[in-house]
Visitor: 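Before anything else, here's the structure in question.
The residues of the chain are indexed from 1 along the displayed sequence. Everything numeric here is computed off the predicted structure, so don't read it as measured data.
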Amino acid sequence: MALDINYNEELVIDPYRHKERYLSWDKKLEGISQANETAIITYLEDIRRGLNINPKARKGKRGYQRLNSQRHRLKRICELLEANFKIIDIAPRDMEQAEALRKAIFELFDRMEEGVITKLSGKRYRGTKDYIKGFKAFWHWHMVYMKNKGNIAIPDICEYLTIKENRKPKFVYFGDTGGRSTEEGFRKLYSHAKHNYKALMAFLFDSGIRSPTELMNVKRKDLLRIKDSPYTVLHIRDETSKTFGRKIKLMLCNEILWEHIEENGIQHDEFIFKINPRVANQYLKRLGERVLGKKGITMYDFRHNSACYWAPRYKNPNSLLSRFGWKNLKMLHYYTDFLGMKDTIDEEDLILDKDMKTRIECDLNKEKSKLAMMEEQLDFLRQKMEENQRKDEFLNRLIAGMIEKGLGNEMVDLIKAEGLEQDLLKLKENHKALISFEVEGNL
């Protein structure tokens, strides 16, 4: 197990020794042509320093895990191209060679997918996704490299090279379809585990953390107890995460986790789980087979089962993505499909949480009350208008009758005595057809 110093001058555990393996590599690739060896080494050193990166790709240096995986995949691609298609240079500079490589690379990946070309062990490739992505990254670097070096335009021979996203992660499920749940399977494992493994297992299942990379880099200072709450916030730092740093709430493992910290006297800047991943996985494999009758359980299976546990419990998918460090919904869709959750959403699932539901219901009731009040006011105004209209009609008939009987002058005198001249003129304006008496001339 290797230790490294990050940009914050903190110790970081590298359980797979990616940096050590790359830096100790003698920069030789046996079994391939000199041209291919030179192309791969130049490419790896450039991306290690962040040079000649495709403009559409993420800028900056590539990590040592990426460097090692690219080294092995590109070497294997070169071996297969040389053996099957006599292609001895994967970084050609002229159009004719580039076209020959394009045809060969498409044929190569087709044969790998169909099982015609197999691994060195004779087994079929489970998929070509990683090899295709690796070659595309190399070719796009080559295009930029040639343009920057000699202003040579190299065509994109990967334009129609597509990646099949049909491979689903395989894992050992703690539950049984239609029977024991994920949680029940975990509890059975936990109850039969040795005491010194219980905190580790509970932490893995609760957090869904990637192991061993993220797991082994958790320090006590990355844990924060929530005031007046039994829960703890876990900070998974950027420099130790495969995707992005994040803060998640631990809901299940708090008691056993803090017992583990106190029992082992773990200090502020110390790692929480000082384990040997190989030894831990061997123990979990034996435990899983003995207790659940399932073979091959490892620490990473706890992440998959944690996703199965939390997926039905999160109302907001973005929060679930954040908890597990996923960049898109693809993995979430996989787990919901695995659990048979497709097309089972009901009305309650449309509400993010109880507080949100209460606020929405409150706002809806307020709107209903406001609408009812407006309707009452409208009815009142309508009644008033009808009453006024009836009064106007009565007065018009009364005035018309008095004028008809020759009592117009007496009516005018009465109106003047009462000071109702303007009211009469307004009434006449509103009902001209009903008043024939020329009140303007008499008033």
Side-chain angles (χ1 to χ4, degrees), residues 1-25 47-48 58 60-73 129-130 133-134 169-172 197 199-223 232-248 250 253 257 260 266 269-285 296-307 310 320-328 330-331 335:
M1 189 182 307
L3 294 174
D4 191 17
I5 304 293
N6 69 6
Y7 54 82
N8 289 325
E9 297 186 353
E10 291 184 340
L11 281 177
V12 177
I13 294 178
D14 181 7
Y16 295 115
R17 301 178 180 271
H18 291 298
K19 183 176 181 180
E20 180 183 320
R21 282 163 49 206
Y22 185 81
L23 294 180
S24 62
W25 172 43
I47 66 171
R48 183 180 70 84
R58 174 178 60 85
K61 301 177 181 180
R62 297 304 186 254
Y64 290 102
Q65 180 178 355
R66 175 67 170 166
L67 293 169
N68 285 325
S69 63
Q70 281 292 80
R71 171 162 58 111
H72 292 297
R73 286 177 188 138
K129 170 186 171 183
D130 293 333
K133 288 177 68 175
K170 292 184 178 180
F171 67 97
V172 182
Y197 276 95
L200 171 66
M201 293 167 62
F203 183 80
L204 288 171
F205 186 77
D206 189 353
S207 65
I209 197 169
R210 292 184 178 94
S211 58
T213 49
E214 292 178 343
L215 167 72
M216 295 184 65
N217 281 288
V218 175
K219 297 181 177 181
R220 179 168 179 171
K221 67 180 182 180
D222 297 325
L223 300 172
T232 301
V233 172
L234 164 65
H235 180 202
I236 301 173
R237 288 167 278 131
D238 279 310
E239 61 267 26
T240 65
S241 175
K242 178 182 176 181
T243 50
F244 53 83
R246 56 203 186 274
K247 292 183 180 180
I248 63 176
L250 300 176
C253 70
L257 176 62
H260 167 79
I266 298 172
D269 203 38
E270 288 186 322
F271 296 107
I272 299 292
F273 297 103
K274 303 162 187 174
I275 61 169
N276 183 316
R278 184 178 60 82
V279 173
N281 282 332
Q282 287 177 344
Y283 172 76
L284 292 173
K285 287 176 182 178
I297 290 178
T298 66
M299 289 190 292
Y300 215 88
D301 289 306
F302 280 79
R303 174 171 167 83
H304 290 292
N305 281 274
S306 177
W310 287 113
L320 190 63
L321 294 184
S322 176
R323 185 180 189 92
F324 285 89
W326 295 328
K327 291 184 176 180
N328 55 57
K330 182 175 65 175
M331 290 301 294
Y335 288 109

Visitor: ring-ring contact (aromatic ring centres under 6.0 Å, His included) with Tyr197: which of Tyr283, Phe203, Phe302?
Guide: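 Result for ring-ring contact (aromatic ring centres under 6.0 Å, His included) with Tyr197: Tyr283.
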
Visitor: Please examine the side chains of Asp222 and Ile236, heavy atoms only from C-beta on, and report whether any two atoms are closer than 4.5 Å.
Guide: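 Contact flag for Ile236/Asp222 side chains = no.
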
Visitor: With a 3.5 Å distance limit and no angle check, can you tell me whether Asn68 reaches the backbone of His18 through a side-chain donor-acceptor pair?
Guide: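 Side chain of Asn68 to backbone of His18, a donor-acceptor pair under 3.5 Å: yes, one is there.
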
Visitor: Rounded to the nearest 0.5 Å, how far does CH2 of Trp326 lie from CZ of Arg246?
Guide: 10.0 Å

Visitor: Is there a donor-acceptor contact under 3.5 Å from the side chain of Arg73 to the main chain of Gly134?
Guide: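 No; judged by distance alone, with no hydrogens or angles, the pair does not exist.
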
Visitor: Quick one: closest heavy-atom pair of Met299 and Ser211, and the distance?
Guide: CB-OG, 3.3 Å

Visitor: Take Lys61 and Ile47 through the test side chain to side chain contact (heavy atoms under 4.5 Å, CB included) and record every step on the way to the result.
Guide: CA-CA 6 Å; Lys61 301 177 181 180; Ile47 66 171; over 6 Å; no

Visitor: Name all residues meeting the side-chain contact (heavy atoms from CB on, under 4.5 Å) criterion together with Ser306; count only those two or more places apart in sequence or in a different chain, and write none if there are none.
Guide: Trp310, Phe324

Visitor: Using the test side-chain hydrogen bond (donor to acceptor under 3.5 Å, both in side chains), find all partners of Tyr22 that sit at least two apart in sequence or belong to another chain.
Guide: Glu45

Visitor: For Phe271 and Val218, run side chain to side chain contact (heavy atoms under 4.5 Å, CB included): C-alpha distance rounded to whole Å, both residues' side-chain angles, the deciding distance at 0.1 Å, then the answer.
Guide: CA-CA 6 Å; Phe271 296 107; Val218 175; over 6 Å; no

Visitor: Would you compute the distance between atom NZ of Lys19 and atom OG of Ser24 and round it to the nearest 0.5 angstrom?
Guide: 12.0 Å

Visitor: Can you confirm whether Arg71 sits close enough to Trp25 that some side-chain heavy atom of one is under 4.5 Å from a side-chain heavy atom of the other?
Guide: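 Touching, per the 4.5 Å side-chain cut-off.
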
Visitor: Which pair of non-hydrogen atoms, one from Met216 and one from Pro277, has the smallest distance, and what is that distance?
Guide: SD-CG, 3.5 Å

Visitor: Does a side-chain N-to-carboxylate-O contact under 4.0 Å join Lys170 and Asp301?
Guide: no

Visitor: Side chains of Ile297 and Asn281: closer than 4.5 Å at any heavy-atom pair?
Guide: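 The answer is no, as the side chains (C-beta and beyond) never meet within the 4.5 Å cut-off.
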
Visitor: Find out whether Thr213 and Thr240 are in side-chain contact, i.e. whether some heavy atom of one side chain is under 4.5 Å from a heavy atom of the other.
Guide: no

Visitor: Is the shortest side-chain heavy-atom distance between His260 and Ile272 below 4.5 Å?
Guide: yes

Visitor: Could you report the tightest heavy-atom contact between Phe244 and Leu321, atom names first, then the distance?
Guide: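 Minimum heavy-atom contact is CZ-O, 4.1 Å.
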
Visitor: Taking NZ, NE, NH1 and NH2 as the nitrogens, is one of them in Lys219 or Asp269 under 4.0 Å from a carboxylate oxygen of the other?
Guide: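 Result for this pair is yes, salt bridge flagged.
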
Visitor: If you take all heavy atoms of Ser207 and Leu234, which pair is closest and at what distance?
Guide: CB-CD2, 4.1 Å

Visitor: Do Ser241 and Glu214 pair up side chain to side chain, a donor and an acceptor below 3.5 Å, judged on atom types alone?
Guide: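 The answer is yes; a qualifying pair exists.
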
Visitor: Please report the interatomic distance CD(Glu270) to NZ(Lys221), rounded to the nearest 0.5 Å.
Guide: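 One gets 11.5 Å once the value is rounded to the nearest 0.5 Å.
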
Visitor: Are Phe171 and Arg303 packed together at the side-chain level, in the sense that at least one heavy-atom pair is separated by less than 4.5 angstrom?
Guide: no

Visitor: What heavy-atom pair brings Asp206 and Arg323 nearest, and what distance separates the two atoms?
Guide: O-NH2, 2.8 Å

Visitor: Please examine the side chains of Ile275 and Leu215, heavy atoms only from C-beta on, and report whether any two atoms are closer than 4.5 Å.
Guide: yes

Visitor: Quick one, Tyr64 with Arg17, criterion side chain to side chain contact (heavy atoms under 4.5 Å, CB included). Give me CA distance, side-chain angles, the key distance, then yes/no.
Guide: CA-CA 9 Å; Tyr64 290 102; Arg17 301 178 180 271; over 6 Å; no

Visitor: Is any side-chain heavy atom of Leu284 closer than 4.5 Å to one of Thr298?
Guide: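 No; the side chains remain at least 4.5 Å from each other.
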
Visitor: Could you tell me which residues satisfy side-chain contact (heavy atoms from CB on, under 4.5 Å) with Lys247, sequence neighbours excluded, listed by chain and number?
Guide: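 For Lys247, the residues satisfying side-chain contact (heavy atoms from CB on, under 4.5 Å) (neighbours in sequence not counted) are Val233, His235.
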
